[in-house]
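See below for the structure under consideration.
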Amino acid sequence: MTEPDFSAASTDGFTADDLLACYASGVFPMGEARDDPRVFIVEPDQRGLIPLDRFHIPARLRRTVRGEPFDIRVDTAFNAVVDGCAQAARGREDTWINAPIRRLYAQLHARGFAHSIECWRDEHLVGGLYGVTLGGAFFGESMFSRERDASKVALVHLVARLRLGGWNLLDAQFMTRHLAGFGAVETPQSVYLRLLKAALRVRPDPAALTQILSGDQAVAAARQLLQPTTQAS
């Protein structure tokens, strides 16, 4: 892990273009703490992946998604989702999302590379997730919930859209027990880099991310067989 000082990340230091280059080369950034201005570049030996062709939705969650407890929106409150992910929660008193991280991802969002899946209830943001897309790879960054299952519902809606649009790699960065319940697996970094190289040649349909889906449609799409994807020549 390298340890450069990126306190001026949005100006003369580490830039949004540098961040995209990191993702394309198989590494990703993390801050040490909310008030620490440094950003570390991380390359884990083992990588957490959610195979899009083997995504698992537990039965109770399927019922929840189909019941549509939330209004699902995409890219309407990106910064608020990042803020929600950065808030302290039970078992997570501090956060790796510091000021440079916030600025960089806001820039990627403005350029169309970073997206948020949001769960709303009564015009209040109650959960969601955000991540970065390059080619046919989506790099999940963080998620949060203020109501039960909100982040899980957001994940199902993300996977549905990725599958409908032709993405073929969902990077979860680190393997966790929580993600294992969705079929996530741990794979060596060397294998991940080969998968990433192939995914970067894929050209998915970006409109799929923002399409409106009912709960039934999201569950069906998240579980359907993948169709062949289109690669750049």
Side-chain angles (χ1 to χ4, degrees), residues 23-28 44-66 68 72 74-75 113-117 119 128-143 149-233:
Y23 282 113
S25 62
V27 299
F28 57 88
D45 294 332
Q46 297 289 323
R47 202 66 172 250
L49 298 178
I50 300 178
L52 290 170
D53 59 348
R54 298 191 301 277
F55 184 66
H56 174 69
I57 312 175
R60 186 187 66 79
L61 182 60
R62 290 200 300 271
R63 293 192 295 271
T64 299
V65 175
R66 287 173 172 144
E68 301 184 2
I72 305 300
V74 180
D75 287 343
F113 289 105
H115 300 278
S116 58
I117 307 292
C119 292
L129 58 82
Y130 75 97
V132 172
T133 180
L134 273 180
F138 190 94
F139 309 89
E141 282 299 318
S142 191
M143 58 176 60
D149 290 338
S151 64
K152 296 177 183 179
V153 171
L155 179 60
V156 173
H157 274 267
L158 170 67
V159 170
R161 287 160 171 78
L162 295 181
R163 297 183 71 165
L164 289 172
W167 277 261
N168 63 356
L169 180 65
L170 177 51
D171 177 10
Q173 298 181 344
F174 297 111
M175 182 67 177
T176 67
R177 182 181 301 176
H178 168 70
L179 292 177
F182 294 98
V185 297
E186 198 168 53
T187 193
Q189 177 74 354
S190 58
V191 175
Y192 169 78
L193 291 175
R194 292 198 296 271
L195 295 172
L196 175 62
K197 182 178 180 180
L200 292 176
R201 295 195 295 267
V202 173
R203 294 295 177 261
D205 177 8
L209 279 178
T210 56
Q211 66 181 296
I212 297 173
L213 296 178
S214 68
D216 284 338
Q217 289 172 327
V219 169
R223 302 175 72 198
Q224 72 179 15
L225 293 176
L226 284 174
Q227 300 298 315
T229 54
T230 302
Q231 295 189 357
S233 59

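Residue numbers count from 1 along this sequence.
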Task: Listed once per pair and sorted, the ring pair (Phe, Tyr, Trp, His ring centres under 6.0 Å) pairs that draw on residues 184-213, sequence neighbours left out - done: none
TODO: For Asp75 and Ser116, indicate whether the former's side chain and the latter's backbone hold a donor-acceptor pair under 3.5 Å.
DONE: yes
Open item on the list: For Arg63, give me all partners under salt bridge (charged side-chain N to carboxylate O under 4.0 Å, His left out), at least two apart in sequence or on another chain.
Closed with: none
- [ ] Tell me, please, which residues at least two apart from Gln211 pass side-chain hydrogen bond (donor to acceptor under 3.5 Å, both in side chains).
- [x] none
Return all side-chain donor-acceptor pairs below 3.5 angstrom for residues 176-184, not counting sequence neighbours, or 'none' if the list is empty.
unit_1: Thr176; atom_1: OG1; unit_2: Leu179; atom_2: N; d: 3.1

Open item on the list: Test of understanding: with side chain to side chain contact (heavy atoms under 4.5 Å, CB included), list the residues that count as partners of Pro44, not counting sequence neighbours.
Closed with: Phe28, Val42, Arg47, Phe174
- [ ] Enter the distance from Asp53:CG to Leu170:CG here, rounded to the nearest 0.5 Å.
- [x] 11.5 Å
TODO: Grab the two heavy atoms, one from Cys119 and one from Ala150, that are nearest each other, plus how far apart they are.
DONE: SG-O, 3.2 Å
TODO: Can you tell me which residue pairs pass the salt bridge (charged side-chain N to carboxylate O under 4.0 Å, His left out) test with a partner in residues 185-195, sequence neighbours excluded?
DONE: none
Open item on the list: Which heavy atom of Ala218 sits nearest to which heavy atom of His157, and what is that distance?
Closed with: CB-CE1, 3.5 Å
- [ ] Can you sort out the partners of Ser25 under side-chain hydrogen bond (donor to acceptor under 3.5 Å, both in side chains), two or more places apart, ordered by chain and number?
- [x] none
Task: Closest approach of Ala222 to Ile57 (non-hydrogen atoms, all atoms of both residues) - done: CB-CD1, 3.9 Å
- [ ] With side chain to side chain contact (heavy atoms under 4.5 Å, CB included) as the test, would you mind laying out the steps for Leu162 and Leu169 before giving the verdict?
- [x] CA-CA 9 Å; Leu162 295 181; Leu169 180 65; over 6 Å; no
TODO: Not counting sequence neighbours, which residues clear side-chain hydrogen bond (donor to acceptor under 3.5 Å, both in side chains) with Thr64? List them please.
DONE: none
Open item on the list: To the closest 0.5 Å, what do you measure between CG (Asp171) and CG (Leu49)?
Closed with: 6.0 Å
Task: Side chains of Tyr23 and Leu196 in contact at under 4.5 Å (non-hydrogen atoms) - done: no
Task: Minimum-distance pair of heavy atoms, taken over all atoms of Ile212 and Gln217 - done: O-OE1, 4.0 Å
- [ ] Identify the residue among Val132, Leu158, Ile50, Val159 that makes a side-chain contact (heavy atoms from CB on, under 4.5 Å) with Phe138.
- [x] Leu158
- [ ] Mind checking side chain to side chain contact (heavy atoms under 4.5 Å, CB included) for Ala24 and listing every partner two or more places apart, or none if nothing turns up?
- [x] Leu134, Leu200
TODO: Not counting sequence neighbours, which residues clear salt bridge (charged side-chain N to carboxylate O under 4.0 Å, His left out) with Asp216? List them please.
DONE: Arg66
Task: Minimal non-hydrogen separation, Ile117 against Ala154, with atom names - done: CG2-O, 3.7 Å
- [ ] For residues Leu213 and Ala160, report the shortest heavy-atom separation together with the two atoms involved.
- [x] CD1-CB, 3.9 Å
Task: For Asp149, salt bridge (charged side-chain N to carboxylate O under 4.0 Å, His left out) partners two or more places apart - done: Arg60, Lys152
- [ ] Taking salt bridge (charged side-chain N to carboxylate O under 4.0 Å, His left out) as the test, write out the residues that go with Arg161, two or more places apart.
- [x] none
